[in-house]
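Only one structure is covered here, and it is reproduced in the block below.
Computed from a prediction, not measured in an experiment: that's the story for all the values here.
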2 protein chains.
Amino acid sequence: MTDTPSMEFEAHEELAHLVAKGDGSAIAAFARLLPPEDTPYTISHLDDDDRVRFFALLSEADADLAADLLEHFDDMQAAGMVAELEPQQAAAIVEVMDSDEQADVLAELDEEDLEAILEKLPPEEAADTRQRLEYAEDAAGGLMITEYLSYPQSFTVEQVVDDLRTNNELYNEYEVRYLYVVDADEHLVGVVPMRRLVLSPRGSALSTLSVSDPTTVQVDTLRNELEDLFDRKDYSAVPVLDAQGVLVGIVQRSAVQEARGEQAEEDLAKSRGIIGGEELRTMPTLSRAARRLAFLLPILALTMVSASVIKLFVETVEKLPILAAFLPVVAGLCGSSGGQAVAVSMREISLGLIKIGDVRWVLAKELAAAVVIGLVLGVVLFVFVRVTQGQVELGLVIGGAVPIIMLFATAVGGTTPLVLRAMGMDPAMASGPLVQALIDLTSFFTVLMLATAAMAWLVP
Amino acid sequence: MTDTPSMEFEAHEELAHLVAKGDGSAIAAFARLLPPEDTPYTISHLDDDDRVRFFALLSEADADLAADLLEHFDDMQAAGMVAELEPQQAAAIVEVMDSDEQADVLAELDEEDLEAILEKLPPEEAADTRQRLEYAEDAAGGLMITEYLSYPQSFTVEQVVDDLRTNNELYNEYEVRYLYVVDADEHLVGVVPMRRLVLSPRGSALSTLSVSDPTTVQVDTLRNELEDLFDRKDYSAVPVLDAQGVLVGIVQRSAVQEARGEQAEEDLAKSRGIIGGEELRTMPTLSRAARRLAFLLPILALTMVSASVIKLFVETVEKLPILAAFLPVVAGLCGSSGGQAVAVSMREISLGLIKIGDVRWVLAKELAAAVVIGLVLGVVLFVFVRVTQGQVELGLVIGGAVPIIMLFATAVGGTTPLVLRAMGMDPAMASGPLVQALIDLTSFFTVLMLATAAMAWLVP
C-alpha cells in the first residue's frame with residue numbers, strides 16, 4: 001500500500017547481492033543474523049535463480065544452517081526448494097535435517113528427485129529414510145524422531161555418563177528427558193527418566209532404574225490417539241515400536257501438537273476450496289489455476305443444479321422480477337447459517353464430542369436454535385420488504401420462507417460433516433460446497449413456490 | 001444413523017448409574033478405565049445434573065483425576081463444568097491443574113464464579129493465579145507453566161541432587177530438561193541442562209555449570225515470536241522473565257504448538273461465522289442463537305446491499321427472466337474463486353510469506369491465475385448456455401462476464417486479508433463475508449449491465 005521499501009525488502013535485496021558475489025560464508029553469516037520472523041519472507045522473496053544459488057552455496061558453507069532455514073517453510077515449499085538443487089547439494093542439507101522434518105520434506109518430492117537425493121546419502125541413512133517414508137505421515141511412524149538415547153540393559157549409570165560425555169555435542173539436538181533401555185534385539189525393555197539417572201549411584205545397572213512396562217505406541221498409532229495419550233499423561237515423549245516390538249523412534253508431545261496445528265490450517269484452506277490445503281503463490285501459475293479449477297468445476301456443476309430450480313419458475317419471475325433480487329438474499333443468509341452449523345460440527349468432531357450416532361442429538365440442537373434464528377431473521381426481512389417495497393404480501397412470502405429454509409439449512413449443515421465422515425470422506429473439503437448447494441436449491445424452491453402459490457395475491 | 005447403541009452410549013449410561021449411587025471411589029475407578037479417546041464423549045453425554053454430581057464426587061475422591069479429565073475439553077467447556085460446582089469443589093480441582101491449563105480455564109469464568117473459587121484457594125496460590133490471569137492468553141505469560149526447577153547459584157550439584165531426591169514425587173509433572181539458576185532476587189542468571197548435571201562432579205557449584213546469557217523471553221512476548229524462536233532453536237522450553245528480569249515461568253515448545261493448533265481451529269470456525277471461534281451445542285439454545293445472529297444480521301445487511309443492484313435492473317429481468325437463474329450461478333462460482341484467494345492469503349500470512357507491502361505482488365499472482373480460470377470457466381458456461389438455452393447471444397453475455405468478474409474476485413479475495421490485518425482487524429472473521437458481498441455485487445452488476453446493453457440482440 002506504500003512505495004517506501006520496507007526493511008525486509010532491503011534484506012532480500014542485500015541477500016541477492018551477496019548471492020551474486022557467490023561467497024558462501026558471507027551468505028551464511030548474513031542468514032544467521034536475519035531475525036527469525038523475517039527469514040521465510042526474505043528467502044521466499046529472492047527470485048528463483050537467486051534462491052537456488054543461495055541454498056546451493058549454503059549447502060557447502062553451512063548445511064546445518066540451510067536445514068534450519070528450511071524448517072521455517074511449510075513442507076511443500078521446502079521440498080520445492082530442495083528439488084531445485086543438485087542432488088549432491090540437496091543430500092548435504094537433507095542429511096542434517098531432524099529426522100521428522102526430513103521425512104516430511106522428502107515425502108513431498110516426486111519419485112525421481114527423491115531417488116536422486118537418496119542415492120547421494122550414506123547407504124545406511126538412505127535405508128533408514130526409505131523405511132521412514134513408508135510410515136503414514138500422520139501416524140507415530142511419521143511424527144517420530146530417531147534422535148534419542150538408548151542403551152543395553154546391562155549398562156551401568158557410569159557407562160551411560162561416559163557415553164553422554166563422549167557424545168556431548170551430538171546429543172545436543174536429542175530428546176534427552178528419557179533414556180530408553182533395550183535388549184540385544186533392540187526390543188524396548190524399560191525407560192529411565194534422566195532425573196532418575198542423576199539420583200542414582202554410578203554403579204547401578206540401568207535395568208534396576210528403569211520403569212518397566214512403559215507406555216509405548218506403535219508406528220501406526222494415529223495422531224488423534226497420540227493427542228489423547230498426551231492429554232492424559234504428562235509425558236513429553238513416548239517410545240515408538242514396530243510390529244516386532246523393536247524401538248524405532250520416539251514421538252514428542254510438541255511434534256503431535258505441531259501436526260495438529262498444521263492439519264487445522266490445512267482444513268481451513270480446504271474448507272475454502274484449496275485442494276489438499278496447500279497452495280503458495282510461488283507455485284507456477286498454470287498449476288495453481290489447474291488446482292483451483294479442480295475445485296471450481298464441481299462447484300459450477302452444483303450451482304447449476306441448484307439454479308435449475310429457478311428455471312422451473314421463469315413465469316413467476318417474469319410476473320414479479322423483484323424476486324430475482326430476494327432469491328440471493330435468502331439463499332445467502334440461510335447458506336451462512338448452514339455454514340455456522342457446519343463449523344460447530346467440525347469443531348465438535350475434532351474435540352471428540354460427537355460421533356455418527358449423534359445425528360439425532362445434533363438435529364435436535366440445531367432445530368432448536370434454527371427456530372429462534374429463523375423467526376428473528378424472518379421478521380427483519382418482512383419489515384425490510386414491507387418498508388422498501390411497500391408490500392405486506394411480498395414481505396410475508398419472503399419473511400415467511402426464511403424460518404422454513406433455516407430449519408433445513410441448520411439441519412443439513414450440522415449433520416453433513418458427520419455423514420461425510422461416517423462415509424470415510426474428508427468433511428473439511430466437501431461439507432461447505434455440498435451444504436451450500438443444497439441450501440441454495442431449497443431456498444430458491446421455497447421462495448418461488450410460495451410466490452407462485454400466492455401470485456394472485458402478490459400481483460393483483 | 002443406526003439404532004444400535006454404540007459402546008460409548010453404554011459407557012455414559014453406566015457412568016450415570018454410578019453417579020446415581022454417589023460412590024466417589026467407584027466413579028474414579030471407572031473414569032480411570034475409560035479409553036482416553038472416549039472420555040470427552042462419555043462425560044459430555046451425561047445429562048447436566050449427572051455431570052455436576054460426577055465432578056462434585058470426583059473432586060473429593062480424586063481431584064487430580066478430575067483435573068486431568070478437564071484437560072480433554074476445550075477451555076470454555078471446561079470452565080462451564082467448573083462453574084457448575086460448589087466453589088469449594090471447584091477449588092479442589094483448580095488447585096491441582098497444571099498452571100497453564102488453570103489460567104486458560106479460569107480466564108473463561110465470569111468475575112463472580114472466579115472470585116468464589118479464588119477465595120477457596122490457599123492465599124499464595126490465589127495471588128499467583130490472579131497475577132497469571134493478567135497476562136495475555138496468547139503471550140508467553142499466558143502460555144507458561146510455573147512448574148520448573150530453580151536453584152540459587154551457590155548451590156552445588158550435591159544439593160540439587162538432594163532436593164531432587166526429596167521432592168521426587170512432586171517433580172514428576174515438572175519440566176525437568178533444564179535447571180534454572182537464580183540470584184537472591186530471583187533474577188535468572190543461568191540455565192543448566194539436566195544432562196550437564198549428570199556429567200558433573202557432585203561438588204561443582206551450579207554457577208560453574210550454567211549456560212550464561214541464556215535465551216529468554218518476556219511475559220509479553222507474543223506467540224508468533226515464540227514459534228519463530230522454537231523453529232530456529234532446538235530448545236524444548238525457554239525461561240520467561242517479567243519486566244524486572246525475575247524468572248516467573250517457562251514456556252514449552254509443546255504449549256506454543258498447542259496454542260497454534262487451537263488458534264487455527266478457532267479461525268476455521270470464525271471463517272464460517274462462529275463468533276470468537278467457540279460454540280458447543282451443550283450451550284443454552286438462546287445464547288447459541290444470539291451468538292449466531294450476531295454474525296447473520298451483518299451478513300443480511302451486506303447481502304441486501306449487493307442484491308439491491310438487481311433492483312436497478314428489474315426491467316432487464318422482466319424481459320429476460322432466465323437471467324434470475326444465471327445470476328446465482330455466476331456469483332456462486334466467482335465467490336468460490338474469491339474464497340480460494342482468501343485462503344491462500346491467510347495461509348501465506350500465517351507462514352510469514354506475505355506482508356501488507358506485498359499487495360501488488362499478490363495482485364499480480366492472482367490476476368495471472370484468474371485469466372486462466374476465468375477463460376476456462378467462461379467457455380464452459382458459454383457451452384452450457386448455448387446447449388441448454390439454445391442461444392449463442394445469452395451464452396456470450398454469461399460466459400463473457402465470467403473472466404471479467406473473476407479478475408475482480410481473485411484480486412479482492414487475495415488482498416482483503418492483508419488489508420484487514422494492516423487495519424488491525426482479524427482477517428479470519430471478516431474476510432469471507434466482505435469478499436463474498438463484494439463479489440456478489442460485482443457479479444450481479446456485470447451480468448445485468450452486459451445483458452441490458454445487449455438486450456436488443458438478446459430478445460429480438
Side chains of [X] and [Y]: does their closest heavy-atom pair fall under 4.5 Å?
{"X": "A:Arg292", "Y": "B:Val344", "answer": "yes"}
{"X": "A:Phe230", "Y": "B:Ser254", "answer": "no"}
{"X": "A:Ser271", "Y": "B:Leu268", "answer": "yes"}
{"X": "A:Arg347", "Y": "B:Glu278", "answer": "yes"}

A:Gln263 versus chain B, heavy atoms under 4.5 Å apart: side chain, backbone, both or neither?
neither

Measure A:Glu318 against the heavy atoms of chain B and call it side chain, backbone, both or neither at under 4.5 Å.
both

Side-chain ion pair, A:Lys365 and B:Glu279, N-O less than 4.0 Å:
no

For the interface with chain B, which of [options] has the highest count of heavy-atom pairs at distances below 4.5 Å?
{"options": "A:Glu71, A:Arg253, A:Lys311", "value": "A:Lys311"}
{"options": "A:Leu333, A:Val376, A:Val372, A:Leu323", "value": "A:Leu333"}
{"options": "A:Leu418, A:Leu197, A:Leu377", "value": "A:Leu377"}

Closest heavy-atom pair, B:Leu353 versus A:Phe73, reported as atoms and distance to 0.1 Å, is CD2-CE2, 4.0 Å

Heavy-atom closest contact (B:Ala325 atom, A:Ala307 atom, distance):
O-CB, 3.2 Å

Checked B:Val329, B:Val317, B:Thr410 vs chain A; the most non-hydrogen pairs under 4.5 Å come from B:Val329

Of the backbone (N, CA, C, O) and the side chain (C-beta and beyond), which part of B:Arg281 lies under 4.5 Å from a heavy atom of chain A, both, or neither?
both

